[in-house]
Peer 1: 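Sharing a structure here in structure tokens format.
Values in this document were obtained by computation on a predicted structure and should not be read as measured data.
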Amino acid sequence: MLLAHYKKNRKNMIGQSPYSVSNQPLRTLYWNQEAGLGLSSSKAEMDSFSEVFPQTRMDATCFLRAVKNLLNLECEVRLEKLPGGDCNQAILISKMTDSLKIPFAVLKREPNGQWGEKRMRALDEIRMNGFDQLPKIFKDQNNRFLFEVDQNWFSCIEYIKPDRDQPSSLEEMFMLTSDFHKYARTSSLTQELRSSLLDSYSTEYSTNLDPEVTKRYSAIFEPNSWEICVKCAEYFKSDAFRKIYEMLPKQVIHGDITPFNTIVSGEKPYLIDLDTARTDIRLYDFATFLGWNFLSSYISIEESDKLLGKNFLDRYLSLEENSKFSSCIQTCYGGLEEIEREYLSLIVLFGRCNVLHWMIKELKEAIQNKDVQKEQRFASILPGAIREINELYHRIPKIKEIVYFHGSSQKAKISSLLSVPKEIAAQLNQRGVAVIYGAPASGKSQQMEMAVPASQTEVFNLAIRFPEVYSLQTGRKKDELAREYILHGSHAEKKLKEAQKRWLQLENPAIVNELAASKKKVIVFDEFDFAGDFFLSPDEVDGVLSIVQIGERLRKLGKQVVFLIRSTANLCQPFWDAMQTSFGYQKKDAVRTRFFTYAEENSLLSQTYLDLLEKQEFMSFAQGSPTAYLPLLKQDVSIQYLKDQASMMTSLVIKHAKVLNRPDIWDLLVSLAHGNTQLEEINDPVVIEHLLASGFVGQRDGRLVMGDFAKEALCS
């Protein structure tokens with residue numbers, strides 16, 4: 001078994017394939033008459049050139065001599081197209097020895113000479129550093145990796161004779177990818193090869209089908225299945241997905257690791273088809289094979305065969321559904337970062353959507369060019385790509401939860417239903433500034449993003465930014481500082497807040513210049529009033545005032561400014577004095593997050609797949625609390641997911657609430673949760689204000705309410 005062989009030899013897999021040319025001396029790749037071998041081309045060579053390049057302006061003699069010079073061949077050669085390669089078909093170079101045709105090297109056309117040179121250099125570096133599961137890459141005596149004939153650029157690699165077409169199991173693919181990533185991670189050309197697939201996807205992808213395609217193949221685009229594909233495709237063009245994509249770890253990747261781009265020679269797997277190597281998210285190398293169905297007939301295959309490696313998509317989904325995938329990837333690949341584990345399935349879906357886009361584009365071109373053979377082939381495989389997307393969407397619940405809110409159009413629709421986003425947008429348009437006040441987890445950021453798309457906002461989060469700066473200054477770990485940053489009353493916190501104040505005052509001009517240079521039109525200041533007590537200390541007040549000064553300067557430079565605040569800033573009179581002086585903005589103008597009305601709840605829940613009884617159950621459970629609706633402000637989810645998230649978010653802020661609220665207010669909240677006190681009994685306006693500031697209590701239709709999930713958290 002190859003898998004056993006792979007495990008046994010993984011650390012020391014050195015050796016050459018049967019047709020390796022790694023030890024051949026290389027001559028210059030750039031042919032000229034003085035350096036040429038002086039060989040004339042035979043008629044058979046010229047005929048093979050004409051078959052490979054039937055309509056070309058290249059000089060056949062120049063091309064053949066350049067190839068022979070590169071490969072140090074004095075014998076005749078033959079050219080032929082290799083199977084596959086719809087985008088860039090490979091050309092096999094065979095040498096003729098005693099009338100035998102021996103495959104020797106593989107050529108590929110390079111559309112961009114400068115980019116191709118960098119890419120091949122990086123791959124050669126990876127191979128020379130120890131990853132010997134790539135073909136030998138030819139270069140000339142000047143270490144150049146491409147050659148040019150009549151303004152056509154080509155790269156050349158050795159031909160490796162396959163024992164069979166591809167590794168037989170998902171586990172083997174993971175091991176091969178693991179080894180490649182290990183050696184590619186430290187490539188010296190990582191920065192030079194940056195190229196995001198998402199950028200080209202967002203620019204090129206269109207779900208508007210050519211009428212000719214739908215007319216010919218209406219049966220392929222079955223409405224329900226195609227609707228899911230459109231929903232997913234639109235989501236991947238959204239700001240929400242771009243945020244996720246840009247956070248994922250990046251390195252040099254192969255870019256197209258599929259079963260058909262790997263071969264096994266001498267029981268050793270090799271990566272071939274190197275056109276797409278670049279620096280991008282490393283998860284994409286998993287996505288290209290995890291979603292792959294390379295069966296010629298999916299329907300007729302026995303279920304057992306689908307799960308035993310003949311279909312990687314079913315194998316992956318089966319592992320996910322049985323909670324075994326994490327163990328598989330840990331064993332065969334190694335550890336992933338937490339954010340990669342969170343979004344792997346989403347990137348697999350993105351990979352399939354990208355393939356679907358390519359297939360539709362190829363089908364359109366085939367119809368336009370009247371290429372019947374190509375048209376038939378893509379028409380036959382297109383249903384499989386649509387099926388793969390639907391399988392992922394329906395069988396992995398997390399994907400459905402994330403994708404439902406597919407981009408800015410859906411968010412715009414939701415924002416028009418809610419009063420807070422409309423109020424934020426109105427203030428920014430009229431004043432150029434807005435203050436959004438609310439309890440922790442009360443939907444400040446989420447409703448702000450509905451009013452202003454994330455693509456237009458630059459967030460300055462002081463609770464993240466300053467610990468990073470202080471970590472560099474002191475050499476202490478960021479996570480340790482972040483924990484210390486919120487310790488109530490500790491000496492360490494006082495030192496941190498003093499240092500924060502000094503940094504803000506010293507770096508004020510630099511921060512203004514940095515944010516002013518942003519291409520985003522709205523600057524959002526978050527967590528700048530983050531305090532270890534219900535009130536701001538003198539150092540914290542000075543820090544808050546520094547942020548207001550920065551905001552004022554940015555407003556004068558043409559930026560719109562948003563301040564996200566909690567009770568600490570709301571109760572700080574110097575903050576409001578500064579807002580009045582700098583912006584003419586008063587405390588009464590602040591946009592307050594609040595419990596949703598029944599109409600807003602109904603509007604939000606109408607965007608979900610919950611049935612009527614589930615909607616009524618959740619409304620009773622939530623009582624309009626924005627905390628309960630936080631997941632829904634981003635995505636469509638099940639009622640159980642909504643409940644679980646509401647309880648989890650409330651539990652997260654319980655500890656902070658206990659510290660930040662007055663002791664008598666905390667005791668009152670607990671009493672209310674246990675049913676020992678009724679909300680109807682509370683009449684003191686000051687007490688009511690503190691209850692509302694906690695986020696556990698809200699106002700609806702003139703009365704105070706508390707959701708069941710808040711009661712559960714307070715009682716625990």
Side-chain angles (χ1 to χ4, degrees), residues 419-440 442-445 447-448 451-452 457 459-463 466 497 500-501 504-505 508 511-512 515 522-557 559-594 626 656-657 659-662 665 684-695 698-699:
S419 59
V420 168
K422 287 192 286 187
E423 194 175 342
I424 295 168
Q427 286 205 9
L428 285 176
N429 291 334
Q430 294 166 10
R431 299 166 171 260
V433 60
V435 177
I436 307 171
Y437 161 53
S442 64
K444 297 188 295 294
S445 298
Q447 294 185 73
M448 182 205 68
V452 186
T457 60
V459 179
F460 184 89
N461 187 320
L462 189 60
F466 179 68
K497 293 304 173 72
Q500 173 189 283
K501 177 187 73 172
L504 281 171
Q505 293 172 342
N508 192 301
I511 294 171
V512 170
L515 296 176
V522 182
I523 308 299
V524 180
F525 293 99
D526 195 8
E527 303 289 11
F528 64 94
D529 64 336
F530 196 65
D533 204 342
F534 195 62
F535 297 97
L536 294 170
S537 69
D539 287 328
E540 290 165 341
V541 170
D542 288 342
V544 164
L545 297 182
S546 293
I547 292 293
V548 175
Q549 290 173 2
I550 292 170
E552 180 186 13
R553 292 183 63 191
L554 289 169
R555 181 71 189 88
K556 290 178 179 177
L557 292 171
K559 298 289 187 181
Q560 294 180 346
V561 182
V562 173
F563 300 94
L564 299 178
I565 69 168
R566 301 182 186 178
S567 295
T568 46
N570 190 52
L571 295 172
C572 177
Q573 191 56 44
F575 169 70
W576 289 114
D577 291 342
M579 290 299 297
Q580 171 67 39
T581 302
S582 298
F583 300 98
Y585 198 100
Q586 300 179 43
K587 187 174 184 178
K588 65 180 179 60
D589 298 324
V591 181
R592 297 184 60 148
T593 58
R594 47 189 173 267
H656 295 303
V659 171
L660 296 178
N661 282 282
R662 288 176 5 190
I665 299 298
D684 186 334
V686 176
V687 172
I688 290 174
E689 180 65 25
H690 280 288
L691 289 176
L692 294 175
S694 73
Q699 255 180 337

Peer 1: Of all residues at least two apart in sequence or in a different chain, which pass the side chain to side chain contact (heavy atoms under 4.5 Å, CB included) check with A425?
Peer 2: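 Testing A425 for side chain to side chain contact (heavy atoms under 4.5 Å, CB included), a comparison that skips the adjacent residues, returns A451.
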
Peer 1: Listed by chain and number, what are the salt bridge (Lys or Arg N to Asp or Glu O under 4.0 Å) partners of R594, not counting sequence neighbours?
Peer 2: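 Scan of R594 (salt bridge (Lys or Arg N to Asp or Glu O under 4.0 Å), adjacent residues dropped) gives E423.
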
Peer 1: Who passes side chain to side chain donor-acceptor pair (under 3.5 Å) against T457, sequence neighbours left out?
Peer 2: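 By the side chain to side chain donor-acceptor pair (under 3.5 Å) rule, T457 matches no residue at all.
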
Peer 1: Looking at residues at least two apart in the chain, or sitting in another chain, which of them share a side chain to side chain donor-acceptor pair (under 3.5 Å) with Q586?
Peer 2: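 None.
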
Peer 1: Taking only residues two or more places apart in sequence or in another chain, which ones pass side chain to side chain contact (heavy atoms under 4.5 Å, CB included) with Q560?
Peer 2: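 Result, side chain to side chain contact (heavy atoms under 4.5 Å, CB included) vs Q560: L428, N429, K521, V522.
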
Peer 1: Would a distance-only check, ignoring hydrogens and angles, find a side-chain to backbone donor-acceptor pair under 3.5 Å from D529 to R566?
Peer 2: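 Yes, the answer is positive, given that a donor and an acceptor are paired below the 3.5 Å cut-off.
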
Peer 1: Any side-chain to backbone donor/acceptor pair from S694 onto L691? Under 3.5 Å, distance only.
Peer 2: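 Pair found, side chain donor or acceptor close to backbone of L691.
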
Peer 1: Name all residues meeting the side chain to side chain donor-acceptor pair (under 3.5 Å) criterion together with N461; count only those two or more places apart in sequence or in a different chain, and write none if there are none.
Peer 2: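 Result, side chain to side chain donor-acceptor pair (under 3.5 Å) vs N461: none returned.
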
Peer 1: For the side chain of K444 and the backbone of A439, is there at least one donor-acceptor N/O pair under 3.5 Å apart?
Peer 2: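 Yes; at least one donor-acceptor contact below 3.5 Å.
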
Peer 1: Go through the structure and list residues passing ring pair (Phe, Tyr, Trp, His ring centres under 6.0 Å) with Y585, not counting sequence neighbours.
Peer 2: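 In terms of ring pair (Phe, Tyr, Trp, His ring centres under 6.0 Å), with neighbours along the sequence ignored, Y585 is linked to no residue.
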
Peer 1: F525: what forms a ring pair (Phe, Tyr, Trp, His ring centres under 6.0 Å) with it, not counting sequence neighbours?
Peer 2: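 F525 satisfies ring pair (Phe, Tyr, Trp, His ring centres under 6.0 Å) with F460, F563 once adjacent residues are dropped.
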
Peer 1: With sequence neighbours left out, what residues match K587 under side chain to side chain contact (heavy atoms under 4.5 Å, CB included)?
Peer 2: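 Partners of K587 by the side chain to side chain contact (heavy atoms under 4.5 Å, CB included) criterion, ordered by chain and then number, come out as N570, W576.
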
Peer 1: If the condition is side chain to side chain donor-acceptor pair (under 3.5 Å), which residues does Q573 pass it with, not counting sequence neighbours?
Peer 2: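 Counting only residues at least two positions away or on another chain, Q573 forms a side chain to side chain donor-acceptor pair (under 3.5 Å) with D577.
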
Peer 1: Got a sec, which residues hit side chain to side chain contact (heavy atoms under 4.5 Å, CB included) with D542, two or more places apart in sequence or on another chain?
Peer 2: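 Here the qualifying residues are K501, Q505.
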
